[in-house]
Amino acid sequence: MTRITIADAGRHVGETVQIPGWLYNLRRSGKILFPQVRDGTGIMQCVAQKNALPEETFNALRHLTQESSLIVTGRIREEQRAPGGYEMDVEGVEVLQRVAEEEPYPITPKEHGIEFLMDQRHLWIRSRRQHAILRVRHEVIRAIRDYLDSHGFTLVDTPIFTPAACEGTTTLFETKYFDDDLVYLTQSGQLYNEATAMAFGKVYCFGPTFRAERSKTRRHLTEFWMVEPEMAYATLDDVKQVAEELIVYVVGRVVENRRQDLATLERDLSKLESVQSPFPRISYDEAVKFLQEKGSEIQWGGDFGGPDETLLGEAHDRPLIVDRFPAAIKAFYFQPDPERPEVALGADFIAPEGYGEIVGGGQRIHDPDLLLKRIEEHNLPREAFNWYIDLRRYGSVPHAGFGMGVERVVAWLCGLEHVRETIAFPRMLYRTRP
RNA sequence: UCCUCAGUAGCUCAAUGGUAGAGCAUUCGGCUGUUAACCGAAGGGUUGUAGGUUCGAGUCCUACCUGAGGAGCCA
């Protein structure tokens, strides 16, 4: 007997096949049952008629509980009345495990609160909406890799355990490394990327990063995934161009390949289809002026707050590129603008619809003396950065790169309220379980 | 760390300081085209914890715990 996935059902119309899966929902109407079976690729509505089945089979199905595992055998048929467009006429059922009614599956088809759902996260990911989001995430990650891999970037992943802060400013998670040594969980692979870029030209790292910030908002996780491309012989303009192309490509891929999931999420496709080049570009100076006109308290020299980012993002139908921030609020390694040393050659991409910063990057300092000066100004331990300074001693070149946060991109593309739904098991300020 | 809000049945929520209730879920019954099906019935409670006020507290007060939203910080 052929086993198929529900996603492939359209290619098996008229055949009798098996679908291994789980009971998603069951509607009963006397002598006819409508079990809905999910298998990870989709949901199949089945039809079981009492007079077409052995009594034992019909009764087993009739009293089956939600999320019981089963293998259904039956004939696939096109059916307009079925949610997926196809339906299976049940001929046989093998129940692998019947969920006990004393402890029924906790996530019912009705509404639930977020606390309960987060406690049940290991089960919640089976639900239609969560499932759709995680499939969009997968497409986003695949698209990122496909874009970079086909544009000359080499994946060179960077360590998770790091001996010191990359940026000195934010809080790091520390962990014991054997006897008495402390190491920190990486908050960015960037410094190492600069080393690999000098070896490979164009590189990227892609993995989890950790920030021990006591942030408790819809845009924050303590563990999140970031892709960080870095390019030798490159400038701020290259960062803006590559990041823009990457975003346009990723959005296009999701719209093309995950249309069904976006429909499940009731995402307004027109909001994604408008994400085309060129993106609007303004300077930090212009952004501050714009925000002040909108009533923000921001002064030149300050960083954008959450509401500021929302104001900037909502003014456009595609990501907004803001560049040349005050050097004082940027990390030590940013190259200053040669014409205006008080601003850094950095750029942030602010997503529309209030999703905030999704890309941050810029050009790095390539002059060893200037880098040393900055390290001293920021009171960073020079010894820890000896290897990093070496990169400026042995064939230094202008170079630039950026980081893009996967969860914020996914939240934006899916139109979600909160990034916690964009990763299977989110880690947040007050949640590390399950 | 700070501000605001909330904790009542497995879940989502009601309940003037005066007998703790509904829908869903579960079980039983009915229904041959259901779309979070519907209809009928049953079981299901230490009202987050500890004190206090009161004849009487789910409700008012205090502290704590847990969670949510936000600020700062950040992708």
Side-chain angles (χ1 to χ4, degrees), chain A residues 24-36 43 45-53 58 62-63 65-67 79-84 87 89 99-120 123-124 127-129 167 169-172 187-190 208-228 243 297 302-310 329-331 348-351 355-361 402-412 417-420 422-423 428-431:
Chain A
Y24 191 73
N25 197 7
L26 173 64
R27 284 187 281 272
R28 284 179 295 189
S29 184
K31 298 186 180 62
I32 185 168
L33 311 176
F34 297 94
Q36 290 190 324
I43 295 173
Q45 172 161 293
C46 304
V47 188
Q49 304 197 46
K50 192 178 171 81
N51 61 16
L53 286 170
F58 185 83
R62 184 173 130 80
H63 293 287
T65 41
Q66 196 188 350
E67 285 300 318
E79 173 58 67
Q80 289 307 312
R81 288 174 291 185
E87 204 167 66
D89 288 316
V99 172
E101 58 265 10
E102 297 81 34
E103 286 184 277
Y105 187 69
I107 304 178
T108 64
K110 293 281 182 182
E111 73 273 12
H112 300 281
I114 193 64
E115 183 186 358
F116 174 77
L117 288 170
M118 288 306 300
D119 285 341
Q120 305 293 335
L123 304 175
W124 190 24
S127 299
R128 203 190 299 256
R129 225 182 116 74
E167 301 182 15
T169 54
T170 34
T171 326
L172 293 161
Q187 57 180 351
S188 165
Q190 189 217 306
T209 52
F210 308 85
R211 302 221 176 151
E213 293 155 5
R214 297 190 172 274
S215 300
K216 193 171 147 24
T217 79
R218 68 187 69 212
R219 296 200 281 257
H220 288 85
L221 300 172
T222 52
E223 176 183 316
F224 65 96
W225 283 64
M226 189 158 66
V227 59
E228 296 180 273
E297 301 281 301
D303 215 340
F304 302 142
D308 292 326
E309 281 189 359
T310 301
I329 57 170
K330 284 291 172 185
D348 284 355
F349 285 49
I350 297 170
Y355 284 96
E357 185 184 343
I358 50 171
V359 163
F402 63 93
M404 183 165 82
V406 169
E407 287 76 16
R408 285 194 186 170
V409 170
V410 175
W412 165 43
E417 283 295 309
H418 201 298
V419 291
R420 65 185 158 219
T422 63
I423 186 167
M428 292 175 291
L429 181 52
Y430 296 122
R431 182 172 293 277

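Numbers restart at 1 for each chain; the letters A, B, ... are given by sequence-line order, proteins then strands. Since the structure is predicted, the reported quantities are computational estimates derived from the model, not experimental observations.
The residue among A:Arg128 and A:Gly356 whose nearest nucleotide of RNA chain B lies closer to the 5′ end is A:Arg128. For the pair A:Thr108 and A:Gly30, both in contact range of RNA chain B, the more 5′-proximal nearest nucleotide belongs to A:Thr108.
Nucleic acid contact class of A:Val359 (heavy atoms, under 4.0 Å, all strands): sugar-phosphate only. A:Asn51 comes within 4.0 angstrom of a base, heavy atoms only. Among the heavy atoms of the strands lying under 4.0 Å from A:Phe34 is at least one base atom, whether or not backbone atoms are also near. The residue A:Glu223 sits apart from the nucleic acid: no heavy atom pair falls under 4.0 Å. Within 4.0 Å of A:Glu357, counting heavy atoms only, lie sugar-phosphate atoms of the nucleic acid but no base atom.
Between the side chain of A:Arg28 and the backbone N or O of A:Arg62, at least one donor-acceptor pair lies under 3.5 Å. Side chain of A:His112 to main chain of A:Lys110: a donor-acceptor pair is present (N/O by atom type, distance under 3.5 Å, no hydrogens or angles). Side-chain atoms of A:Glu228 come within 3.5 Å of backbone atoms of A:Gly189 as a donor-acceptor pair (strictly under, hydrogens ignored). Listed for the A:Thr217 side chain is a donor-acceptor partner under 3.5 Å among the backbone atoms of A:Arg219. Formation of a donor-acceptor pair under 3.5 Å by the A:Gln49 side chain with backbone atoms of A:Asn51 is not found in this model. A donor-acceptor contact shorter than 3.5 Å links the side chain of A:Thr209 to the backbone of A:Phe224. Remark: the backbone N or O of A:Val99 is paired with a side-chain donor or acceptor of A:Thr65 at under 3.5 angstrom.
The interatomic distance linking A:His112 (NE2) with B:C24 (C1') rounds to 9 Å, in whole Å. Across the protein-nucleic acid pair, A:Leu221 atom CG and B:C74 atom P stand 17 Å apart, rounded to whole Å. If you measure from atom CG of A:Asp308 to atom C1' of B:C73, you get 14 Å, rounded to the nearest angstrom. Atoms NZ (A:Lys50) and C1' (B:G30) sit 13 Å apart, rounded to a whole Å. At whole-Å resolution of the value, CD1 in A:Ile32 and P in B:U32 are 9 Å apart. Distance CZ (A:Arg62) to P (B:U32): 11 Å, rounded to an integer number of Å. In this structure, A:Gln66 atom CD and B:U27 atom C1' are separated by 16 Å, rounded to whole Å. Across the protein-nucleic acid pair, A:Lys31 atom NZ and B:U32 atom P stand 5 Å apart, rounded to whole Å.
Listed by chain and number, the residues in a side chain to side chain contact (heavy atoms under 4.5 Å, CB included) with A:Lys216 are A:Leu429, A:Tyr430 (sequence neighbours excluded). Residues that satisfy the ring pair (Phe, Tyr, Trp, His ring centres under 6.0 Å) test with A:Phe304, not counting sequence neighbours, are A:Tyr284, A:Phe325. Partners of A:His418 by ring pair (Phe, Tyr, Trp, His ring centres under 6.0 Å), not counting sequence neighbours: none found.
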Where do N or O atoms of nucleotides 20-22 of chain B meet protein N or O atoms at under 3.5 Å, pair by pair?
none

Show each protein N/O and nucleotides 38-48 of chain B N/O combination with a separation under 3.5 Å, one pair to a line.
none

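For A:Glu79, the listed nucleotide lying nearest its side chain is B:G33; candidates were B:G10, B:U27, B:G33. Of the candidate nucleotides B:G33, B:C74, B:G29, B:G33 has the atom lying nearest to any side-chain atom of A:Arg81. In the set B:U34, B:C31, B:G29, the nucleotide with an atom closest to the side chain of A:Gln45 is B:U34. If you check B:C31, B:U34, B:U12 against the side chain of A:Glu111, the one that comes closest is B:U12.
Using N1 to N3 plus N6-O4 or O6-N4 for Watson-Crick, or N1-O2 and O6-N3 for G-U wobble, each under 3.5 Å, B:A6 pairs with B:U66. Look at B:G45: it lacks any Watson-Crick or wobble partner with both distances under 3.5 angstrom. B:C74 is unpaired under the Watson-Crick or G-U wobble criterion, no partner having all donor-acceptor distances under 3.5 Å. If you check B:G40 for Watson-Crick or wobble pairing at under 3.5 angstrom, you find it paired to B:C28. Checking B:U12 for Watson-Crick or G-U wobble geometry (two distances, each under 3.5 Å) identifies B:A22 as its partner.
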Quick one: do A:Gln66 and A:Thr108 satisfy side-chain hydrogen bond (donor to acceptor under 3.5 Å, both in side chains)? Show the steps, please. CA-CA 8 Å; A:Gln66 196 188 350; A:Thr108 64; over 6 Å; no

For a quick check, with a 4.0 angstrom heavy-atom cut-off, what is the B/S/- contact string for nucleotides 67-72 of chain B, read 5' to 3'? SBBBBB

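A:Asp303 and A:Lys330 are not joined by a salt bridge, as no carboxylate oxygen comes within less than 4.0 angstrom of a charged side-chain nitrogen.
Straight-line distance between the P atoms of B:C31 and B:G40: roughly 16 Å, to the nearest whole Å. For B:A20 and B:A57, the C1' atoms lie 13 Å apart once the distance is rounded to whole Å. As rounded to the nearest Å, B:U1 and B:G10 have C1' atoms that lie 36 Å from one another. One P atom belongs to B:U53, the other to B:U62, and the distance between them is 15 Å to the nearest Å. Nucleotides B:U16 and B:G58 are separated by 14 Å at their C1' atoms, to the nearest Å. Rounded to a whole angstrom, the distance from the C1' atom of B:G17 to that of B:C61 is 13 Å.
A:Arg27 is listed as a side-chain neighbour of A:Gln45, based on a closest heavy-atom distance under 4.5 Å. Residues A:Arg431 and A:Asp119 meet the side-chain proximity criterion, which asks for heavy atoms closer than 4.5 Å.
Taking 3.5 Å as the limit, the base of B:U26 and the side chain of A:Glu102 contain no donor-acceptor pair of atoms between them.
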